[in-house]
Number of protein chains: 2
Amino acid sequence: MQGLQSGEWKPGELIPSEIELAGRFKVSQGTVRKAIDEMSAENLVVRRQGKGTFVATHHEARSQFRFLRLVPDGGVPHYPENKIIEVKRLRAPAEVARLLDIKSGDSVVFIRRVQSFSGVPTILDDLWLPGAIFKGLTAERLNEYKGPMYGLFETEFGTHMIRASEEIRAVCADEVASELLHVEKGVPLLNVERVSFTYGDKPVELRRGLYLTSQHHYRNELS
Amino acid sequence: MQGLQSGEWKPGELIPSEIELAGRFKVSQGTVRKAIDEMSAENLVVRRQGKGTFVATHHEARSQFRFLRLVPDGGVPHYPENKIIEVKRLRAPAEVARLLDIKSGDSVVFIRRVQSFSGVPTILDDLWLPGAIFKGLTAERLNEYKGPMYGLFETEFGTHMIRASEEIRAVCADEVASELLHVEKGVPLLNVERVSFTYGDKPVELRRGLYLTSQHHYRNELS
DNA sequence: AAGTGGTCTAGACCACTAT
DNA sequence: TAGTGGTCTAGACCACTTT
């Protein structure tokens, strides 16, 4: 039943009504409803009463903070400014290839960027993306684009992230981090290694973030 | 509909069947099913086909790792050994009182403990618990008890944790941490501040953990 | 065999959105 | 007013567990 997802309709698109899907698959409306409810719980789809059901997209206010967990101490979450430091092509090292499920030596796009809150550099991200999917990704396009990178990935490269797995450690700022985040070497930072997945649980992004947590924290709800 | 939770039946207990609840509340079985499905999604209740629906408890294998996110690098999660360092009563400082939603100066139980994986001290926890709820909690009872602390809290004090909110930062090991975790002063540690809630979103535990992440990491699934 | 949750049906009525 | 999702009904059959 869920096999129809991811391919048939694009993010943001309206999918057929429950009644129509029920007819198409020869099941009752209740069964369609249950299937859609499950997809909605997984954030694959968004329901709007009176309007219809839409394929989830990263171009929505409610999606903005789904993958950004760093919030200011005692303040309201807001989106950081973005500065691209470097974009280049390289051959995937063994570890990167393993996590992205590609072959060692395959082309990958490497991106380094710094994100700032109210002008204060706070996040240093290194990203590795499979070159085969992200053809033609340049620093210019990344700089032009406003808002979360996942919006660009979705619109320009047809790759919608549906989930991610993170490993968090505490580390000391190295040379690079100290320079880009304007802190002393040795300052403790959150090291967040993320692998993001698109439809079919296919890994399509490896990201290693260094978060400065003197005025922000990583928020997590356990339930 | 969900108002019947938390009070009428104890953790681990079997609740009435869907059909009986449907009769009791004059609704259809489908409506009861939906309500129970929602409670099941919130981990308030566990469904077992052919047996019935049970109030969730921390005395289950599947609950063990719900609130323990630190896992060994490249290994299988397992439960750490527990060593109680200190248990004492004190008057709640303003900040603790605020987070626990009690009055400043009210009695709280303070616990300090170290958790080790395969003999390696890895987690230093400081806990603050409302004295009014955790009467008679002693180091002996904590040391006798095997398994997750939340199991003891549930059985001995009738307090079942249903969710928690964590704030994570990177810090340097201070004097106390370096001594108890057997690391040098200044080593980077994960600082995890947790507030746990019981039924009715009532805060009942404040916990500040320092995690050594040289051989473990905090795992988080974003979805 | 009896009782449980798991899935599904075919229909009803309501709340919301558009035209 | 018509179409959408949101909620509910009353019943069916299945898979699993216990006696």
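First the proteins, then the strands, lettered A, B, ... as listed; each starts at 1.
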Rounded distance (Å) that lies between atom P of D:dT17 and atom CZ of B:R48: 11 Å

Charged N-O contact under 4.0 Å between B:D126 and B:R113: no

Under-4.0 Å salt bridge between B:E166 and A:R219: no

Interatomic distance where CD1 belongs to A:I36 and P belongs to C:dC8 [whole Å]: 14 Å

Pair B:R98 + B:E95: basic N to acidic O under 4.0 Å: yes

Carboxylate-amine/guanidinium contact A:R169 A:E167, below 4.0 Å: yes

Closest nucleotide among C:dG5, D:dT7, D:dG5 to the B:K34 side chain: D:dT7

Side-chain ion pair, B:E42 and B:R66, N-O less than 4.0 Å: no

End axis versus end axis in the helix from C:dA1-D:dT18 to C:dA18-D:dT1, the angle rounded to 10°, five pairs used at each terminus: 0°

Most 5' of B:E20 and A:S28 on DNA chain C, judged by nearest nucleotide: B:E20

Atom-to-atom span, CZ of B:F25 to P of D:dC8 - whole angstrom: 14 Å

Short side-chain N/O contact from A:T53 to OP1 or OP2 of D:dT4, under 4.0 Å: no

Proximity of A:F117 and A:H78 rings by center, below 6.0 Å: yes

B:R47 vs C:dG6: side-chain N/O to OP1/OP2 distance below 4.0 Å: yes

Face-on cation placement of B:R89 at B:F110 ring, 6.0 Å and 45° thresholds: no

Candidates C:dC8, D:dT9, C:dG5 - which lies nearest the side chain of B:V27: D:dT9

Rounded distance in Å - NZ (A:K26) to P (C:dC8): 17 Å

Length of the line joining A:L14:CG and D:dG3:P, which is rounded to integer Å: 15 Å

Whole angstrom value for the distance that separates P of C:dT9 from CG of A:L21: 13 Å

B:S17 side chain near C:dT4 phosphate (N/O to OP1/OP2, under 4.0 Å): yes

Distance, rounded to the nearest Å, where A:D37 contributes CG and D:dC8 contributes P: 13 Å

B/S/- contact track for nucleotides 11-19 of chain C, protein heavy atom under 4.0 Å: ----BBSS-

The single option from B:Y150, B:Y79, B:F153 passing ring-ring contact (aromatic ring centres under 6.0 Å, His included) against B:F67: B:Y150

Ion pair check, A:R163 and B:E221, cut-off under 4.0 Å: yes

Rounded interatomic separation in angstrom, taking CD1 from A:I19 and P from C:dT9: 14 Å

